[in-house]
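Note sheet for the following structure.
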Amino acid sequence: MAEDASIIPTHTKAWYYSEHGSPGDVLKLDPNWPLPQQLKDDQVLIKVIAASINPVDYKRMHGEFKDTDPHLPIVPGYDVAGIVVKVGGEVKKFKVGDEVYGDINEQGLSNLKIHGTLSEYTIAEERLLAHKPSNLSFIEAASIPLALETANEGFEHAHFSAGKSILVLGGAGGVGNYVIQLAKQVYKASKIAATASTGKLELLRELGVDLPIDYTKENFEDLPEKYDLVYDVVGQGDRAFKAVKEDGKVVTIVPPGHPPAMFFVLTSKGSILENLRPYFESGKLKPILDAKTPVPFSQVIEAISYLETSRATGKVVVYPIP
């Protein structure tokens with residue numbers, strides 16, 4: 001239901017932390033968190049229906065980005081799916097009542113919003129959002145933005161093109177599974193290899209991996225095949241070069257990166273979500289949700305702590321949000 005566009009609630013339920021540390025120690029629920037009362041011309045107020053959790057959320061909570069993200073207190077959360085309840089004066093793409101999704105932090109590690117998505121309401125710039133694919137639930141949509149946009153940006157940095165081969169280090173996680181799906185469905189890779197633990201190899205096969213590699217039993221760099229692109233999502237860039245062709249490339253999302261590997265931090269763009277929307281609506285791209293999804297809003301601490309174990313397969317999504 002769309003709400004009266006003239007009214008912005010003064011307060012919202014939100015999870016927040018006012019010091020850095022582990023979720024169980026620092027994360028608290030505030031039933032009356034103050035909500036900014038002024039939208040900028042390019043901003044949208046969203047009633048949050050679902051929000052997904054990403055590793056960057058707990059890394060930020062632990063203070064890993066204090067140099068570029070010094071502000072406290074913080075309401076965490078990057079990914080959102082929800083309903084537009086108010087728009088700024090210059091917003092053209094969305095109207096009240098629209099179902100939207102996106103990653104609300106344009107720069108992945110700096111200029112981060114202090115009011116994130118683990119909240120009843122959140123605010124984001126129009127350019128960071130897209131219309132929710134009609135065939136996806138809010139839970140599915142919330143799982144997509146940061147992971148999909150990160151996966152896609154790596155291909156752009158590598159100038160990857162059809163007919164090339166790729167090895168994905170960490171293929172079963174939130175970003176890794178989209179690297180595989182994009183390689184197969186969008187970028188038309190000639191061969192896809194990927195690493196995962198024993199219990200996740202079947203998922204790799206289902207996603208279209210030609211050569212699933214059990215990292216508990218063999219080292220990818222010892223295998224004879226070399227690849228045009230090695231895409232590292234787990235922090236093994238130092239080993240990745242042993243698996244790349246002479247003129248191939250390595251991209252990594254794990255700092256600091258080992259030159260000449262290309263390390264990058266996501267720049268969030270709603271246009272990427274809009275461009276890839278037909279692939280979701282046709283079923284070529286699919287959200288992969290962890291078995292614990294959906295996690296109730298009351299159990300956010302447990303959800304983030306679970307994500308920290310690195311045992312999740314796919315995305316952990318919080319729903320419903322009151």
Side-chain angles (χ1 to χ4, degrees), residues 8-40 42-82 101-125 127-129 142-143 145-147 149-150 174 253-255 265-268 295-309 312 315-319 321-322:
I8 294 183
T10 56
H11 292 78
T12 179
K13 285 182 188 160
W15 286 94
Y16 76 99
Y17 53 96
S18 50
E19 58 182 323
H20 293 114
S22 62
D25 295 332
V26 301
L27 205 52
K28 296 178 173 62
L29 181 60
D30 190 333
N32 289 296
W33 187 264
L35 194 64
Q37 290 302 290
Q38 293 294 324
L39 285 182
K40 294 177 182 172
D42 64 341
Q43 288 182 327
V44 172
L45 175 68
I46 303 163
K47 171 66 181 80
V48 181
I49 307 295
S52 75
I53 300 167
N54 295 282
V56 69
D57 289 308
Y58 63 73
K59 292 176 181 179
R60 185 186 186 194
M61 198 175 301
H62 282 290
E64 290 188 25
F65 317 130
K66 276 190 284 195
D67 292 346
T68 55
D69 177 44
H71 308 290
L72 288 167
I74 288 169
V75 174
Y78 282 59
D79 282 333
V80 65
Y101 73 136
D103 167 3
I104 70 166
N105 283 307
E106 186 162 23
Q107 299 168 23
L109 302 181
S110 57
N111 294 322
L112 300 178
K113 288 185 169 63
I114 57 171
H115 190 114
T117 60
L118 290 172
S119 166
E120 273 185 289
Y121 292 89
T122 197
I123 292 168
E125 287 71 29
R127 65 184 175 275
L128 307 183
L129 301 171
S143 76
L146 184 147
E149 292 179 53
T150 300
I253 64 170
V254 182
V265 176
L266 170 66
T267 300
S268 173
V295 176
F297 192 63
S298 60
Q299 293 176 21
V300 162
I301 292 173
E302 293 87 342
I304 296 178
S305 299
Y306 168 65
L307 196 63
E308 283 191 272
T309 67
K315 291 302 297 291
V316 177
V317 180
V318 178
Y319 170 91
I321 291 181

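None of the values given here were measured: they were computed from a predicted structure. By convention here, the first residue in the shown sequence is residue 1.
- Residue E308 comes nearest to P23 through the heavy atom pair OE1-CD, 3.2 Å, listed as atom of the first residue, atom of the second, then distance.
- For the residue pair V317 and S52, the shortest heavy atom distance occurs at CG2-CB, 3.9 Å.
- Between V75 and A14, the shortest heavy-atom contact is CG2-CB, 4.0 Å.
- In this structure, OG in S268 is found 9.0 Å from CD1 in I104, a value given to the nearest 0.5 Å.
- No donor-acceptor distance shorter than 3.5 angstrom exists from the side chain of E125 to the backbone of D42, with no hydrogens or angles considered.
- Without hydrogens or angle criteria, T117 side chain to D79 main chain gives a donor-acceptor distance under 3.5 Å.
- One distance of note links CD of E120 with NE2 of H11; it measures 12.0 Å at 0.5 Å rounding.
- In the displayed structure, Y16 atom OH is contacted under 6.0 Å by more than 12 heavy atoms of other residues, nucleotides or ligands.
- Here the straight-line distance linking atom OH of Y78 with atom NZ of K113 works out to 10.5 Å at 0.5 Å rounding.
- Taking both residues in full, the closest heavy atoms of L35 and P9 are given as CD2-O, 3.4 Å, listed atom of the first, atom of the second, then distance.
- With a 4.5 Å cut-off on side-chain heavy atoms, P255 and E64 do not count as touching.
- The number of heavy-atom neighbours closer than 6.0 Å to CD of Q37, taken from other residues, nucleotides and ligands shown, is above 12.
- Side-chain contact between N54 and K315: present, with at least one pair of heavy atoms (C-beta onward) separated by less than 4.5 Å.
- In this structure, T12 contributes its side chain and Y121 its backbone to a donor-acceptor pair below 3.5 Å.
- Between L109 and V56 there is a side-chain heavy-atom pair separated by less than 4.5 Å.
- Of the possible polar contacts, one joining the D30 side chain to the N32 backbone as a donor-acceptor pair under 3.5 Å is found.
- Panel note: side chain T122, backbone I46; no donor-acceptor pair is recorded below 3.5 Å.
- The minimum heavy-atom distance between A81 and A142, with the atom names listed, is CB-N, 3.7 Å.
- The CD1 atom of I74 sits 11.0 Å away from the CG atom of L27 when rounded to the nearest 0.5 Å.
- Judged as a side-chain hydrogen bond (donor to acceptor under 3.5 Å, both in side chains), and not counting sequence neighbours, S298 has no contacts.
- Atom CD1 of I53 sits about 12.5 Å away from atom OG of S143, to the nearest 0.5 Å.
- In this structure, H62 and Y58 have perpendicular ring planes: the angle between them is above 60°, well past the 30° mark.
- Note that CG of L112 and CG of D69 are 4.5 Å apart. Values are rounded to the nearest 0.5 Å.
- Side-chain atoms of W15 and F297, non-hydrogen and from C-beta on, do get closer than 4.5 Å to each other.
- The number of heavy atoms from other shown groups lying within 6.0 Å of CD1 (I114) does not exceed 12.
- Between M61 and V26 there is a side-chain heavy-atom pair separated by less than 4.5 Å.
- Residues G77 and D57 approach most closely at N-OD1, 3.2 Å, considering heavy atoms.
- Looking at heavy atoms from C-beta onward, Y306 lies out of side-chain contact with Q299 at the 4.5 angstrom threshold.
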